[in-house]
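Heavy atoms only: backbone and side chains are in, while hydrogens, waters and symmetry mates are out.
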Amino acid sequence: MEEKSMVRQLPSVDEILRWPETASLIASYSRGIVVNAARRVLDRLREEILSGCREEVSSSEIIARLRQEVRPRLQRVINATGVVLHTNLGRALLSQRAQEAVKTAVAHYTNLEFNLATGKRGERYSLVEELLCLLSGAEAAMVVNNNAAAVLLALNTLAAGREVIVSRGQLIEIGGSFRIPDVMRQSGAILVEVGTTNKTHRRDYREAITERTALILHVHMSNYRIIGFTSEVPVPELVALAREYNLPVMSDLGSGSLIDFSRFGLPYEPTVQETVKAGVDVVTFSGDKLLGGPQAGIIVGRREYVERMKRNPLNRALRIDKMTLAALEATLRDYLEEEEALRSIPTLKMLLCPSEELREKAERLAQMLGSLEGIAVQVIEGFSQVGGGAMPTAQLPTWLVAVTAAPLGESALLKALRRADPPVIARAEKGMVVLDPRTFSEEEIPLLVEAFKQVLAGG
Ligand SMILES: *Cc1c(COP(=O)(O)O)cnc(C)c1O
């Protein structure tokens, strides 16, 4: 039983804790974390030995595994995918000011729900409501945990037990299982689908209106497009129709933007301001998509509806946290002057980064990687994506650093990069691994080089 004797030769947790390398881990994390991690590492090694898939175990390997194991599970990664609003990588990055606002909000007591003028209880939304009204042109505003929650709260408040009319072409699913029909059911509202997948007319809406109708819902088809023989009823026409019957109109803008990106050569997306101006009564959108702020669901619209939503008991379960509120306020303040927003908000900077700058960054990385033994590097033209279900058809021209590291194939190289410290997330294209400078920063170039060094050293 050679395996049994190998198991007996494994060090004990106590022995591991006495190793000098372990002492530094205990200093940077805590004894509890390291003890726990050591147990898990030993358990796994024991299993591997007993299942016969190991010949030997070295102490340096135990240390390497221990290092992996003690790292916090939520880690910084380098986004080299070129997908700006990568939902799986945390969507929008916050501006410097927003980061500082979060720090202040968590390190100190705040007037989160305290009116400093009266000394009485205040309303947490009041901190951003004024800004949101100013920026959107709406009468009232509030914020919840994310846009899915905003849609749920709005439907529940305005239409529980009654009917909501939606075009079939707008019954969308967003990644992470947000589906309009499901949210509708959860809210207690009754879905009335009108039109067909590709065409919905004004008369389809009109014919569906009954005394049970509570709301006409418009959903921005954020993450897909129907092209060809299609028609949707434009929002202003929906508003005109709803007015005839004294019904409210709600628009789920999805991404929602305060800036008209078509001015910069990007695809047109309806802005929050123009949606409000068109007379839509309730508009919902995300805080961490094109807005470039924290995860949040923003609701702007007519006061009577927003006030009802604030009073809905469901709201207590969906409410926004103080860190988010701090980050959102700081982000919105930047939008008071568009130039400032474009200068400070990382999402906007990435989306609008000039081609020259991308090319220079790509060249700089390529040059540094090119000096490493064992890899071939070139700079090629390619495309980045907006992500987050926004502007799905937008192809943003970029310059890519394309790398091959024979004998590693592209998927082995991608995997090795994911295991580097910090992990690098890239993508494969035409048999090469490509790194898009749109989504990594100048400061991350040395870290990328370091990651490649680790990959090449580890084989
Ligand atoms: C993204 C999106 C949502 C969900 O927003 P979250 O902030 O991710 O909850 C809802 N509706 C539309 C149209 C979207 O694009």
So with a 6.0 Å cut-off around [atom1] of [X], is the heavy-atom count from everything else above 12?
X: Arg419; atom1: CZ; answer: no
X: Glu48; atom1: CD; answer: yes
X: Tyr268; atom1: OH; answer: yes
X: Arg31; atom1: CZ; answer: no
X: Arg179; atom1: CZ; answer: no
X: Glu56; atom1: CD; answer: no
X: Gln385; atom1: CD; answer: no

For Leu400 and Glu429: C-alpha separation, side-chain torsions, deciding distance, then whether side chain to side chain contact (heavy atoms under 4.5 Å, CB included) applies.
CA-CA 10 Å; Leu400 302 168; Glu429 209 174 281; 3.8 Å; yes

Spell out, as yes or no, whether a donor-acceptor pair under 3.5 Å connects the side chain of [X] to the backbone of [Y].
X: Lys199; Y: Ser231; result: no
X: Thr439; Y: Gly82; result: yes
X: Ser28; Y: Ser24; result: yes
X: Tyr335; Y: Leu132; result: no
X: Glu444; Y: Ser441; result: yes
X: Ser257; Y: Thr271; result: no
X: Asp334; Y: Glu340; result: no
X: Ser187; Y: Ala189; result: yes
X: Gln99; Y: Leu94; result: yes
X: Arg65; Y: Val41; result: no

Could you check whether [X] pairs with [Y] (Lys NZ or Arg NE/NH1/NH2 to Asp/Glu carboxylate O, under 4.0 Å)?
X: Glu442; Y: Arg364; answer: yes
X: Glu338; Y: Arg263; answer: yes
X: Glu61; Y: Arg54; answer: yes
X: Glu363; Y: Arg359; answer: yes
X: Asp421; Y: Arg71; answer: yes
X: Glu337; Y: Arg333; answer: no
X: Arg46; Y: Asp43; answer: yes
X: Arg97; Y: Glu100; answer: no
X: Glu69; Y: Arg67; answer: no

[X] vs [Y] side-chain heavy atoms within contact, under 4.5 Å:
X: Met6; Y: Val57; result: yes
X: Val83; Y: Ser384; result: no
X: Leu155; Y: Val164; result: yes
X: Leu258; Y: Gln273; result: yes
X: Leu342; Y: Ile259; result: yes
X: Met142; Y: Asn315; result: yes

Looking only at heavy atoms, which two atoms of [X] and [Y] are closest? And how far apart?
X: Leu152; Y: Leu314; value: CG-CD2, 4.2 Å
X: Ile320; Y: Ala296; value: CD1-CB, 4.3 Å
X: Val300; Y: Ala138; value: CB-CB, 3.7 Å
X: Asp252; Y: Leu217; value: N-CD1, 4.4 Å
X: Ser286; Y: Arg91; value: OG-NH1, 4.3 Å
X: Asp436; Y: Phe383; value: OD2-O, 4.0 Å

Spacing of [atom1] belonging to [X] relative to [atom2] belonging to [Y], to within rounding of 0.5 Å:
X: Ile299; Y: Tyr125; atom1: CD1; atom2: OH; answer: 8.5 Å
X: Lys361; Y: Thr398; atom1: NZ; atom2: OG1; answer: 8.5 Å
X: Leu17; Y: Glu15; atom1: CG; atom2: CD; answer: 10.0 Å
X: Met350; Y: Leu85; atom1: CE; atom2: CG; answer: 9.0 Å
X: Leu290; Y: Ser255; atom1: CG; atom2: OG; answer: 3.0 Å
X: Glu130; Y: Leu135; atom1: CD; atom2: CG; answer: 10.5 Å

Determine whether Lys430 and Glu410 satisfy the following criterion, salt bridge (charged side-chain N to carboxylate O under 4.0 Å, His left out), listing intermediate values before the conclusion.
CA-CA 9 Å; Lys430 300 175 195 138; Glu410 76 228 50; over 6 Å; no

Apply the test side chain to side chain donor-acceptor pair (under 3.5 Å) to residues Ser167 and Thr200: give CA-CA distance (whole Å), side-chain angles for both, the deciding distance (0.1 Å), then the verdict.
CA-CA 6 Å; Ser167 162; Thr200 302; 2.7 Å; yes

Stepwise, does the side chain to side chain donor-acceptor pair (under 3.5 Å) test hold for Thr81 with Asn79?
CA-CA 6 Å; Thr81 63; Asn79 177 5; 2.5 Å; yes

Where do Val7 and Leu45 land on the side chain to side chain contact (heavy atoms under 4.5 Å, CB included) test, with the steps shown first?
CA-CA 8 Å; Val7 166; Leu45 283 170; over 6 Å; no

List the steps, then state whether side chain to side chain donor-acceptor pair (under 3.5 Å) holds for Asn36 with Tyr29.
CA-CA 12 Å; Asn36 234 295; Tyr29 300 96; over 6 Å; no

With distance as the sole criterion, is a donor-acceptor pair present between the side chains of Asp14 and Ser12 under 3.5 Å?
no

With no hydrogens and no angle check, just 3.5 Å: does a side-chain donor-acceptor pair link His220 and Gln170?
no

Applying side chain to side chain donor-acceptor pair (under 3.5 Å), run through Ser59 and Trp19 and close with a yes or a no.
CA-CA 10 Å; Ser59 61; Trp19 292 350; over 6 Å; no

Verify side chain to side chain contact (heavy atoms under 4.5 Å, CB included) between Leu348 and Phe261, making sure each step is shown before the conclusion.
CA-CA 10 Å; Leu348 304 182; Phe261 286 97; 3.5 Å; yes

Under the side chain to side chain contact (heavy atoms under 4.5 Å, CB included) criterion, do Val144 and Arg319 qualify, and how do the steps go?
CA-CA 5 Å; Val144 288; Arg319 83 176 182 189; 6.0 Å; no

